[in-house]
Protein chains: 2
Amino acid sequence: MAAGIYDVARRAGVSVATVSRSYTVPEAVREATRERVLRTAAELGYQPNRAARGLITGRTGNVGVIVPDLANPYFQGVLKGAQAQAREADYAVFVADGQESAAEEEALIGAMTKQVDGILLCSSRLEPSALAGLESAPAVVLLNRRIDGLSTVTVDSGDGMRQAMAHLAELGHRRCAFLAGPRRSWSNQQRLRGLRAAAKAAHAEIVTIGPVAPQFEGGVNAAEQVLASDVTAVLAYNDLVAAGMLSRLAQLGVEVPAQLSVLGFDDIPLAAMLTPALTTVSAPTVQAGAAAVDALLSRLEQPDAPPTAQQLAATLVVRETTGLPRAGHSLHLTNQGAV
Amino acid sequence: MAAGIYDVARRAGVSVATVSRSYTVPEAVREATRERVLRTAAELGYQPNRAARGLITGRTGNVGVIVPDLANPYFQGVLKGAQAQAREADYAVFVADGQESAAEEEALIGAMTKQVDGILLCSSRLEPSALAGLESAPAVVLLNRRIDGLSTVTVDSGDGMRQAMAHLAELGHRRCAFLAGPRRSWSNQQRLRGLRAAAKAAHAEIVTIGPVAPQFEGGVNAAEQVLASDVTAVLAYNDLVAAGMLSRLAQLGVEVPAQLSVLGFDDIPLAAMLTPALTTVSAPTVQAGAAAVDALLSRLEQPDAPPTAQQLAATLVVRETTGLPRAGHSLHLTNQGAV
DNA sequence: ATGAAAGCGCTAACAT
DNA sequence: ATGTTAGCGCTTTCAT
């Protein structure tokens with residue numbers, strides 16, 4: 001069997017209290033003693049049992065990460081960053097997939113609560129009222145969502161959109177489409193707001209299309225509508241939508257960026273892998289995941305400190321899907337509907 | 001504070017044992033009593049503390065999933081499937097990122113061991129000897145790796161390669177390149193073996209290039225070498241490599257599939273999003289993750305049952321990057337090295 | 001600086 | 001069918 005604290009204590013000729021202290025309050029035990037204890041522990045392959053420890057300290061050493069969809073590449077970066085940061089601080093991480101459902105998310109929070117010290121809720125699908133009720137129990141940090149009373153980490157997507165629009169305006173675009181994401185999504189609202197403000201400043205016109213499903217298919221399905229709207233550029237809700245758009249445009253024989261400029265949002269790895277490579281606004285997902293865990297852990301250190309609201313910068317990454325607007329004529333489709 | 005079992009017991013007018021039994025051996029308590037207990041528990045918002053339970057039962061109700069790289073889309077599917085299946089059985093899942101390092105992986109296993117009932121090791125970077133030493137402690141299931149004495153879930157990638165080669169042969173390709181993955185990788189060996197056998201059967205010739213990094217860049221960097229090798233088709237180690245290949249080929253002005261056919265492996269979501277869409281061998285990642293957790297859980301039920309070795313079928317998905325071989329002339333590069 | 005002993009919240013014998 | 005009680009492996013007063 002695995003060695004327990006008593007085995008180590010006996011073998012090292014000390015009491016269990018000393019063994020325990022060697023780990024938790026090292027400075028309270030004489031160096032020679034501690035060394036002997038640790039060496040003995042290593043020999044026996046002893047590791048303190050976290051569950052037993054948690055029972056008495058009230059801390060589990062775990063954090064939970066809940067995302068709406070584990071298959072979404074956006075959350076992959078977040079998870080990677082969160083995991084790395086947690087492990088750094090010697091925390092283990094539970095993951096759970098909310099399946100894009102508020103109810104499931106709530107159930108997961110409930111199930112997780114007792115097993116973690118804190119929960120990182122990513123792009124929560126919960127109602128603001130449900131979120132507001134989370135101020136207690138384990139610490140909670142929100143990613144991509146802002147609610148009073150909770151610590152949050154957000155990406156300045158409004159400014160990201162401003163950069164995107166400024167880029168388009170500089171190229172000469174004056175009439176652009178925005179392929180909107182889910183209407184109630186916080187991120188969508190931020191992006192649209194930032195875009196509208198920037199468009200106004202640039203004396204450009206925005207036609208909003210959608211909402212479309214924030215997936216590849218959403219972009220595929222919206223392509224015709226975009227073409228019909230007589231714009232010279234389209235800003236998609238996210239990279240997945242932009243990718244779908246690009247795919248359908250290629251089928252239709254529309255050249256990007258010669259005939260239409262396309263922008264994404266998020267800069268998931270896919271963006272750089274497309275041909276032409278997608279110009280997009282980079283949201284620092286890995287960094288955001290790490291920052292959120294940071295916020296969570298410091299909340300655990302100082303439960304009474306006021307909640308923090310960190311905002312990360314988004315940065316435009318110009319690649320190959322944006323260019324000068326086509327001359328003042330509308331689009332001719334050469335390859336209507338071909339596969 | 002959160003209610004404990006004693007609070008529930010007192011309020012329901014029963015002993016703690018009855019409360020406990022209402023959860024763990026419901027049939028051993030009179031229905032009326034159990035109902036009352038459960039109702040009381042609900043009123044108090046009581047939920048059994050899993051850590052305390054685990055301390056005595058020796059079971060944590062957790063499983064761990066270790067992947068070499070959380071940012072790799074392949075493992076995203078695996079994780080999604082594993083998580084769903086685990087939750088189904090009311091298990092929580094720990095994730096950890098091995099950072100492509102055998103040492104880190106080993107450290108993670110050590111750190112996790114005490115906190116989980118079983119570990120799912122995905123595409124482990126560990127030496128066979130290290131793996132063989134894992135037969136004890138928590139249950140272990142291997143994904144994409146086969147070792148005697150351990151339960152495994154693998155994808156029949158040899159047969160996947162056979163399908164791919166058969167498809168190419170039918171189109172008329174007789175000289176194809178294989179962009180090899182890491183030489184020591186189990187998956188790479190399986191794929192190469194399957195490919196060689198199928199090529200022999202089809203009287204086709206395989207030129208092996210690489211090993212290349214199993215990433216987008218690996219494909220980008222290998223493109224020139226592939227072009228120089230005078231093949232009419234190239235089978236990449238995985239979709240990421242194929243995507244890099246495609247990207248570079250487009251830059252070089254090589255038309256796919258007219259001048260060169262390209263195949264990937266895995267069928268990660270990216271494959272369908274590329275233009276032209278990638279023909280690839282679909283490895284059922286989500287299903288594999290779920291099957292592996294299944295294997296893990298049944299191992300927990302019956303620790304003495306012999307280890308199982310499940311093999312999942314791979315299926316060729318023909319999309320747009322494969323076609324007839326170009327006529328018998330070599331490739332002319334029209335756009336050498338352009339961006 | 002170290003040890004003895006009392007629990008943390010729960011389950012599993014063992015009673016009744 | 002239900003209650004009593006002894007721990008699970010550890011941390012933490014309180015002594016020494």
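The chains referred to below are lettered A, B, ... by the order of the sequence lines, with proteins before strands, and numbering in each begins at 1. Quick caveat, the model's predicted, so the values are computed rather than measured.
Close to D/dG9, at under 4.0 Å from its OP1 or OP2, lies no side-chain N or O of A/Tyr23. Using a 4.0 Å cut-off, some side-chain N or O of B/Thr33 falls inside it from OP1 or OP2 of D/dT2. An OP1 or OP2 oxygen of D/dG3 is reached within less than 4.0 angstrom by a side-chain nitrogen or oxygen of B/Thr18. Not one side-chain nitrogen or oxygen of A/Arg21 sits closer than 4.0 Å to the OP1 or OP2 atom of C/dT2.
Look at CZ on A/Arg53: it is 21 Å from P on C/dC10, rounded to the nearest Å. Going from atom CD of A/Gln115 over to atom P of C/dG9 covers 16 Å, rounded to whole Å. Rounded to whole angstrom, the span from the CG atom of A/Asp7 across to the P atom of D/dC8 amounts to 12 Å. Between the P atom of C/dG3 and the CZ atom of A/Arg34 lies a distance of 15 Å, rounded to the nearest Å. At whole-Å resolution of the value, CG in B/Leu55 and C1' in D/dC8 are 4 Å apart. Atom CZ of A/Arg59 is separated from atom C1' of D/dC10 by 16 Å (rounded to the nearest Å).
Considering all non-hydrogen atoms of both residues, B/Arg299 and B/Ser151 come closest at CD-OG, 3.7 Å.
With D/dT11, C/dG9, C/dG3 as the choices, the nucleotide that has an atom nearest any side-chain atom of A/Val14 turns out to be C/dG3. Listed candidates were D/dG3, D/dC10, C/dT2. Nearest to the side chain of A/Arg30 is C/dT2. Of the candidates D/dG9, C/dC10, D/dC10, D/dC10 carries the atom nearest the A/Ile5 side chain, counting heavy atoms from C-beta on. Proximity note for A/Ala17 (side chain, C-beta onward) versus D/dG3, C/dG3, C/dC8: the nearest is C/dG3. For B/Thr57, counting side-chain heavy atoms from C-beta on, the closest listed nucleotide (C/dA12, C/dG3, C/dG9) is C/dA12.
At a threshold of 4.0 Å, the pair A/Arg21-A/Glu27 does not count as salt-bridged, since none of the basic side-chain nitrogens sits closer than that to a carboxylate oxygen. We find that B/Glu43 and B/Arg11 are joined by a salt bridge, their nearest charged nitrogen and carboxylate oxygen being less than 4.0 Å apart.
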In sequence, state the C-alpha distance, the side-chain angles, and the governing distance for B/Ile109 and B/Ile119, and then conclude on side chain to side chain contact (heavy atoms under 4.5 Å, CB included). CA-CA 8 Å; B/Ile109 295 175; B/Ile119 296 182; 4.0 Å; yes
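Comparing B/Val29 and B/Val16 against DNA chain D, the residue whose closest nucleotide sits nearer the 5' end is B/Val29. Comparing B/Tyr6 and A/Ala28, the nucleotide of DNA chain C nearest to each residue sits closer to the 5' end for A/Ala28. Comparing B/Glu31 and B/Ile56 along DNA chain D, the residue whose closest nucleotide (by nearest heavy atom) sits nearer the 5' end is B/Glu31.
The closest side-chain donor-acceptor pair between A/Asp117 and A/Thr60 falls under 3.5 angstrom.
With hydrogens and angles left out, the side chain of B/Arg50 and the base of C/dG9 share no donor-acceptor pair within 3.5 Å.
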